[in-house]
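All of these numbers come straight from a predicted model, not from anything done at the bench. By convention here, the first residue in the shown sequence is residue 1. Indexing begins at 1, ligand by ligand and atom by atom, following the structure's order. All values below come from the heavy atoms of this structure, side chains included, with hydrogens, waters and symmetry mates left out.
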Amino acid sequence: MANTPIDTRGTWNTKLGFILAAAGSAVGLGNIWGFPTQVADNGGAAFILIYLLCCVAIGFPVMIAELTIGRKTKKNPVGAFKALSNGNSFVPLIGYWGVLCGVMILSFYLVISGWTLGYVFEELFHYFGYSSIASIMGDLENGPKNTVFTLIFMVMTVAIITGGVSKGIERATKMLMPVLIAILLILIGYVFTLDGAMEGFWVYVYPDFSTISGSLILSAMGQAFFSLSLGMGALITYGSYLNRKQNLVESAGYVTLFDIGIAVIAGLLVIPAMYVAQAGGIEIFNPETQKLYSSTTLVFDVLPEMFHNVGAFLGLFLGVTFFVLLGLAALTSSISLLEVPVSYVIDEHGIERKKAAMLVGGLVSILAIIISFNLSLIDIFVFIFNEIGLPLGGLMLCLFLGYFWKSENAVIEIESGYPGFGTSVTSTLWVLFIKYVCPLLIGIVFVTTFMTVAQSLMEMFGF
Ligand code: PFF
């Protein structure tokens with residue numbers, strides 16, 4: 001039977017398969033490494049509330065928009081915006097921005113993912129008494145070691161992507177997601193039996209509203225975009241492999257809830273674990289600033305030390321399990337980060353999947369190796385491509401959908417798979433959010449941030 005172009009691009013096999021793949025993209029380092037430490041550092045439940053608001057009021061509508069554009073055009077982000085651009089040459093730039101963010105985010109994401117793998121070995125070598133090799137495995141600043149683990153991670157990601165949409169991405173995430181949830185629950189169950197866990201629990205659930213500020217809201221918004229994998233076209237790409245029967249609103253709802261749920265549950269593990277470490281005599285606050293150490297220090301220094309303190313086989317079990325969990329979560333996300341530029345190269349340059357995956361994988365590896373030796377680049381990339389880049393992508397997407405392509409056309413696309421959507425309250429609300437609420441909220445946060453940055457720059461230069 002001759003293949004149609006859509007067949008050759010690949011499609012998800014089942015509705016659940018797609019939801020798990022999209023949830024796998026969403027659940028990653030952002031949930032387990034980023035979210036809990038941001039909560040602990042930013043007023044506990046007060047941050048959670050702002051974060052939830054960002055997810056529901058901005059993330060959820062934008063996710064529906066990305067899936068809709070993807071399924072309508074059946075293309076990668078650049079091709080999708082081109083297809084709907086009516087010849088306008090600015091519109092495809094939104095897609096190019098997404099591909100660029102994907103490449104840049106993946107380059108540092110791989111280095112952090114490599115650390116998780118390094119720590120699996122650190123725990124093992126520590127347990128068997130090879131402490132000097134253990135300390136190399138746990139040395140975050142060791143460039144050659146970082147390079148090796150980063151490349152191992154890249155090879156695994158490329159191998160899965162090469163398998164294609166249903167046989168590669170869908171099959172891998174379907175297997176990995178249940179394992180991830182099981183590991184998370186086992187670890188929480190155990191950590192709560194240790195001293196200090198309850199103190200961490202209260203820090204987590206007690207809201208301190210005095211910490212809310214412009215920069216906190218920007219962090220919460222950046223975190224929501226990052227965690228839900230929005231603003232760079234990952235879900236345009238995943239949406240392009242969907243069939244017309246899928247209810248996009250329902251699917252976006254499941255993925256958003258799943259991602260929020262895992263972040264909140266991960267907080268129940270990481271924050272109590274930090275306080276268990278403190279109860280064991282390990283410092284978690286910087287004595288000079290009285291602020292919590294950075295998320296990197298907490299997850300990659302404090303927690304391993306806590307696992308070592310627990311000692312014996314149990315410490316080994318907890319440590320290995322935790323870093324395997326983090327690694328699996330990172331893998332299902334890096335797949336989607338790589339799929340964005342790979343689908344662009346396949347669709348727009350006619351290169352076959354395997355070659356495209358190796359080509360893009362190779363290019364991103366070069367960047368990742370540079371970062372492996374220059375870790376200060378991570379903070380710079382996070383600020384430009386994650387905190388600013390993703391919400392900016394989201395803002396352009398909302399304006400494009402609401403005012404250029406026109407929301408009526410998007411509503412028609414959603415209708416297939418959700419009959420009656422056009423006349424429902426949900427549709428009215430969604431259009432209202434995409435056209436007015438999301439752009440306004442993102443815009444306000446941007447203006448406040450730029451004013452704060454400008455002010456601190458002026459102070460720095462003595463104005
Ligand atoms: N959502 C992932 C995380 O929380 O770690 C990161 C991510 C994946 C961001 C895919 C953006 C993306 F397109």
Aromatic ring centroids of Tyr275 and Phe201 under 6.0 Å? no

Residues Lys15 and Glu250 bridged, charged N to O under 4.0 Å: yes

Every residue of the protein that comes under 4.0 Å of ligand 1, judged on heavy atoms: Ser25, Ala26, Gly28, Leu29, Gly30, Asn31, Tyr109, Phe226, Ser227, Ser229, Met232, Ala234, Ser333, Ser336, Leu337

Taking the six-membered ring for Trp, are the ring centroids of Phe18 and Tyr238 within less than 6.0 Å of each other? no

Is the centre of the Phe381 ring less than 6.0 Å from the centre of the Phe385 ring? yes

Taking 4.0 angstrom as the limit, do Lys82 and Glu348 come out as a salt bridge? yes

More than 12 heavy atoms of other residues, nucleotides or ligands under 6.0 Å from NZ of Lys72: yes or no? no

